[in-house]
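Contents: one structure, followed by commentary.
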Amino acid sequence: MLPFASCLPGSLLLWALLLLLLGAASPQDSEEPDSYTECTDGYEWDPDSQHCRDVNECLTIPEACKGEMKCINHYGGYLCLPRSAAVINDLHGEGPPPPVPPAQHPNPCPPGYEPDDQESCVDVDECAQALHDCRPSQECHNLPGSYQCTCPDGYRKIGPECVDIDECRYRYCQHRCVNLPGSFRCQCEPGFQLGPNNRSCVDVNECDMGAPCEQRCFNSYGTFLCRCHQGYELHRDGFSCSDIDECSYSSYLCQYRCVNEPGRFSCHCPQGYQLLATRLCQDIDECESGAHQCSEAQTCVNFYGGYRCVDTNRCVEPYVQVSDNRCLCPASNPLCREQPSSIVHRYMSITSERSVPADVFQIQATSVYPGAYNAFQIRAGNSQGDFYIRQINNVSAMLVLARPVTGPREYVLDLEMVTMNSLMSYRASSVLRLTVFVGAYTF
Ligand SMILES: *[C@@H]1O[C@H](CO)[C@@H](O)[C@H](O)[C@H]1NC(C)=O
Ligand SMILES: *[C@@H]1O[C@H](CO)[C@@H](O)[C@H](O)[C@H]1NC(C)=O
């Protein structure tokens, strides 16, 4: 506050009062309360501008000035002046001030004013002329007839000095707060970013922001997870995916051959087989499917893993063909006397490595004579004893595989049935020529 040298006539007491008033209400001399949104006396918080705003006491206080005084609003307070006093640079824009009458005094103006060339009083800019006593930490604001020392935004007065407000004490930030001179900044934990209000933290969708997941990305609160497609596994790094070699897990995935592929595996079958239900191999019946190359004069015989074309007429002298697979030796032919009266051709196929003993073929007498007895034996083709005959009864017998055999190989077995009638000393022989194809595989 500037001392003043003179005053309008008869107003010495008034100016003293005024000084007292200004002094009491000045923000320079009172500490700001310890709250961010409270203001010193004479100011009120303006939420729009986030600043303290001067209160016009002349409007808000009834009879702010008594008697013949007029009220002049002022930053942080108000003035009561005699109605005759000249008001220069009126704060409320009530028009140009009336000229101050010339005086004999060196400075006939009120404090804070000085006469100009036209002898009217003009405001002294105390801030520009270094006529103020604001601290270096304070900002000087010129006022009509006065000046004001205020703290910059983000500072508050403690004693005579302006001190940075630690806004972080007020929990303005959702995650972390960094106090700065005159302000503050909010920061967020990793995986979050500042919201539009610069205070709250919102989850970052890393999946949309180029997260380094090789295959699939799942955003979650504050972080993200990488996942892999089926058939892949997540690498140790958490981002990349590598193919799972399903074939190495189990040898039972495929009956024949497992082939690993990116993200999956597939089963393969050997030639002559087709895949059945993803893992099993099934023999292709080329004779049935028509995929064979047999001629008109041939019969197609399917076996495990392939097929064979055999001549439909397989009878050799002295045998004559009587049907597709049956050759007869006519009794009238002397050459037939010591030969089986008939040869029937049959074909069958077994897989490799069958557990033994295994019944593989049943022989049945087609005609039964009263009082006759049938005996069955392997007449040829079993030099290594891989098969034997188990007689079931008088009219049937079973061909039994005695040893596990590994294909591909084939046997041609002559299974002889001898029919005897002791009463009539009758003996007859017929042969079933059985070709056994052993496939290369166990399926
Ligand atoms: C948030 O901060 C940015 C950058 O500092 C600024 O441009 C923006 O106006 C601020 N928003 C709010 C609501 O304060
Ligand atoms: C063999 O079976 C037939 C028909 O059942 C029968 O007539 C015959 O007597 C049997 N022979 C012997 C030796 O059991």
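First listed ligand is number 1; within each ligand, the first listed atom is number 1. Positions are given from 1, in the same order as the sequence printed here.
For atom 14 (O) of ligand 1, a protein heavy-atom neighbour is found at a distance under 4.0 Å. Within a 4.0 Å radius of atom 4 (C) of ligand 1, the protein contributes no heavy atom. For atom 11 (N) of ligand 1, the protein comes within 4.0 Å by at least one heavy atom.
The aromatic rings of Y170 and Y172 sit tilted relative to each other, their planes meeting at an angle between 30° and 60°. Using a 30° and 60° split on the angle between ring planes, F437 and F303 fall in the parallel class, below 30°.
Atoms of ligand 1 lying under 4.0 Å from at least one heavy atom of P196, given by number and element, are 11 (N), 12 (C), 13 (C).
Protein heavy atom nearest atom 1 (C) of ligand 1, with residue, atom name and distance: N198 ND2, 1.4 Å.
Other residues, nucleotides and ligands place no more than 12 heavy atoms under 6.0 Å from the CD atom of Q271.
Judged by distance alone, the side chain of Q118 and the main-chain N or O of S120 form no donor-acceptor pair under 3.5 Å.
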- List the steps and the verdict of side-chain hydrogen bond (donor to acceptor under 3.5 Å, both in side chains) for H235 and S242. CA-CA 6 Å; H235 192 258; S242 50; over 6 Å; no

